[in-house]
Amino acid sequence: MQHFLTIADLSPDEVWALLDKARELKTELREKGENKPLLKGKTLGMVFQKPSLRTRVSFDMAMIQLGGQALYLSPNEIQLGKRESTADVARVLSRYVDAIMARVFAHRDVEELAAYSRVPVINGLSDFNHPCQGMADLLTIYEHYDRLTGLKLAYVGDGNNVATSLLFGATKTGMHIAVASPPGYEPKPAVVHLARNFAAESGSEVLITNDPQQAVANADVIYTDVWTSMGQEAETEQRLKIFPPYQVNSALVAQAKPEVIVMHCLPAHRGQEITDEVADGPHSVLFDQAENRMHAQKAILVSLLAG
Ligand code: CP
Ligand code: NVA
């Protein structure tokens with residue numbers, strides 16, 4: 001593994017190895033109060049074109065707890081592709097740091113960073129996918145059920161970057177996945193095609209539907225995300241009219257398995273895609289999931305930098 005741009009690039013064995021490493025590092029931290037300094041002396045440059053709480057802080061803390069350091073570069077500082085070309089940013093930044101994490105608008109920007117960087121590049125969210133989130137999500141489900149293969153994940157909402165990473169992550173690990181989106185907001189056909197190929201290898205099933213009830217039937221996990229992603233703000237009003245039937249509320253949760261867990265990558269727009277009652281209710285694992293960003297990313301960083 002040279003870069004970490006999408007879960008689609010990983011073999012199932014690589015996905016499982018990252019999950020097991022994340023669990024090991026999380027246990028080590030809990031039991032010993034600290035991790036071994038596997039990344040002593042290593043540095044991570046973090047390039048952001050968009051706001052962030054989880055990605056920024058969890059990467060920073062992951063580096064610190066592994067003995068390294070992270071450097072936050074705000075949207076105004078780098079101005080990817082505006083102040084200088086994305087290729088030049090990659091060429092220069094990779095002379096200073098040991099790895100780059102980038103949160104970008106267009107996925108081709110993170111691909112271009114990877115193409116011109118001398119050091120590993122990690123995708124911290126693009127319009128195409130959110131692979132670090134996807135790994136943290138798999139970790140959360142894996143810890144909760146102590147398995148993934150054969151479980152059913154129902155994603156209800158926009159067929160966006162987060163849905164894409166879940167489609168790849170689920171089908172790499174043998175989890176069934178059902179995605180319910182409004183007509184016109186389904187995951188991209190190329191994404192579904194790839195996921196179905198992975199599913200054929202792992203023995204899982206992919207269902208794409210417009211019916212939230214159908215998606216959540218018999219689900220072990222219900223997942224949702226914002227209706228309007230960063231960069232799509234001009235569509236907010238239109239989306240607010242279309243998405244309400246896809247809200248994850250108590251009535252919908254009641255149609256899944258009784259012990260279903262509810263997930264959201266956060267930030268949440270409470271009262272839109274998820275109700276307070278569900279986000280703060282007994283099925284919610286939202287904050288374990290947020291914590292797991294740090295543990296999952298430690299595994300990614302170690303595999304790229306300490307291998
Ligand atoms: N889930 C997630 O990526 O959160 P941030 O946008 O706060 O980083
Ligand atoms: N789909 C959301 C995820 C935020 C973490 C977005 O791209 O804005």
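In each ligand, atom 1 is the first atom listed, and ligand 1 is the first ligand listed.
- By the 3.5 Å distance cut-off applied to N or O atoms, Asp225 is counted among the residues near ligand 2.
- In terms of protein heavy atoms, atom 4 (C) of ligand 2 is closest to Leu125 CD1, 3.8 Å.
- Under a 4.0 Å N-O distance rule, the pair Asp146/Arg23 qualifies as a salt bridge.
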ring-ring contact (aromatic ring centres under 6.0 Å, His included) evaluation trace for Tyr246 with Tyr185: CA-CA 11 Å; Tyr246 295 82; Tyr185 295 89; 9.1 Å; no

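- Side-chain contact between Thr209 and Val179 is absent, with no heavy atoms from C-beta onward closer than 4.5 Å.
- Listed by atom number, the atoms of ligand 2 under 4.0 Å from Leu266 heavy atoms are 5 (C).
- With no hydrogens or angles considered, no side-chain donor-acceptor pair links Asn161 and Gln133 at under 3.5 Å.
- The closest side-chain donor-acceptor pair between Glu143 and Asn292 falls under 3.5 angstrom.
- Ligand 1 lies less than 4.0 angstrom from a heavy atom belonging to Arg103.
- Scanning the protein heavy atoms around atom 4 (O) of ligand 1, the nearest turns out to be Arg54 NE, 2.8 Å.
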Trace of the side-chain contact (heavy atoms from CB on, under 4.5 Å) decision for Ile300 with Cys132: CA-CA 8 Å; Ile300 295 165; Cys132 297; 4.3 Å; yes

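- Ligand 1 has at least one atom lying under 4.0 Å from a heavy atom of Leu266.
- Under the 3.5 Å distance criterion, with hydrogens and angles disregarded, a donor-acceptor pair is assigned to the side chains of Asp98 and Thr43.
- At a 4.0 Å heavy-atom cut-off, ligand 1 touches Gln133 through the side chain alone.
- In this structure, Arg147 forms no cation-pi arrangement with Tyr142, as its terminal cationic atom is not both closer than 6.0 Å to the ring centre and no more than 45° off the ring axis.
- For ligand 1, the polar-atom distance check finds no N/O of Leu125 at less than 3.5 Å from any of the ligand's N/O atoms.
- For ligand 2, one of its N or O atoms has an N or O atom of Ser229 under 3.5 Å away.
- Distances shorter than 4.0 angstrom do not occur between any heavy atom of Asp127 and any atom of ligand 2.
- Inspection of the His269 and Glu273 side chains reveals no N or O donor paired with an N or O acceptor under 3.5 Å.
- Any N or O atom pair closer than 3.5 Å counts here, and Arg56 shares no such pair with ligand 1.
- Among protein heavy atoms, atom 8 (O) of ligand 2 sits closest to Met230 N, 2.8 Å.
- Heavy-atom proximity to His130, at under 4.0 Å, picks out these atoms of ligand 1: 2 (C), 3 (O).
- At under 3.5 Å, not a single nitrogen or oxygen of Cys265, backbone or side chain, sits near a nitrogen or oxygen of ligand 2.
- Scanning the protein for heavy atoms near atom 7 (O) of ligand 1, the closest one is Leu53 N, 2.6 Å.
- The protein heavy-atom contact nearest to atom 7 (O) of ligand 2 is Asn161 ND2, 2.8 Å.
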Stepwise side chain to side chain donor-acceptor pair (under 3.5 Å) test for Tyr223 and Gln289: CA-CA 11 Å; Tyr223 198 118; Gln289 190 187 347; 3.2 Å; yes

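- Distance alone, capped at 3.5 Å, is enough to place a donor-acceptor pair between the His264 side chain and the Leu266 backbone.
- At under 3.5 Å, not a single nitrogen or oxygen of His130, backbone or side chain, sits near a nitrogen or oxygen of ligand 2.
- The closest protein non-hydrogen atom to atom 2 (C) of ligand 1 is Arg293 NH1, 3.3 Å.
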